[in-house]
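Heads up, the thing below is written out as structure tokens.
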Amino acid sequence: MKAKVNQEDCTGCGLCVEICPEVFQMEDDKAKVKVDSVAQENAENCKKAASECPVEVISIEE
Ligand code: F3S
């Protein structure tokens with residue numbers, strides 16, 4: 001599974017990093033995905049982060 005953040009529209013709220021720090025990190029007030037592919041054990045949290053992002057800029061690719 002892969003995750004992607006559309007950084008242009010990310011508001012930098014930091015929720016994704018709070019929910020899933022294994023996959024997301026803040027960089028210059030925007031979230032970025034720090035892993036090439038999401039490990040199985042982080043998949044659930046990563047999907048949760050994507051669905052809870054207030055501006056829905058996290059996309060998931062299976
Ligand atoms: Fe940005 Fe959404 Fe995360 S706004 S900081 S990608 S929760």
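Atoms within each ligand, like the ligands themselves, are counted from 1 in listed order.
Residue Val55 touches ligand 1 through its side chain alone, judged by heavy-atom distances below 4.0 Å.
Interface atoms of ligand 1 facing Ala31, defined by a heavy-atom separation under 4.0 Å, are 3 (Fe), 5 (S), 6 (S). The contact set between ligand 1 and Cys13, taken as ligand atoms under 4.0 Å from a residue heavy atom, comprises 4 (S), 5 (S), 7 (S).
In this structure, Leu15 is not a member of the same hydrophobic cluster as Ile60, with clusters built from ILVMFWY side-chain heavy atoms closer than 4.5 Å.
The side-chain heavy atoms of Lys48 and Cys20, taken from C-beta on, include no pair separated by under 4.5 Å. Looking at heavy atoms from C-beta onward, Val35 lies in side-chain contact with Val23 at the 4.5 angstrom threshold.
Among protein heavy atoms, atom 3 (Fe) of ligand 1 sits closest to Cys16 SG, 2.3 Å. The protein non-hydrogen atom at the shortest distance from atom 6 (S) of ligand 1 is Val57 CG2, 3.6 Å. From the protein, the heavy atom lying nearest to atom 5 (S) of ligand 1 is Gly14 N, 3.2 Å.
For atom 2 (Fe) of ligand 1, the choice among Cys53, Pro54, Cys10 with the nearest heavy atom turns out to be Cys53.
The heavy-atom pair separating Ala49 from Ile58 by the smallest distance is O-CD1, 3.7 Å.
The existence of a salt bridge linking Glu52 and Lys47 is excluded, since no basic side-chain nitrogen approaches an acidic carboxylate oxygen closer than 4.0 Å.
Side-chain N/O atoms of Asn42 and Asn45 include no donor and acceptor closer than 3.5 Å.
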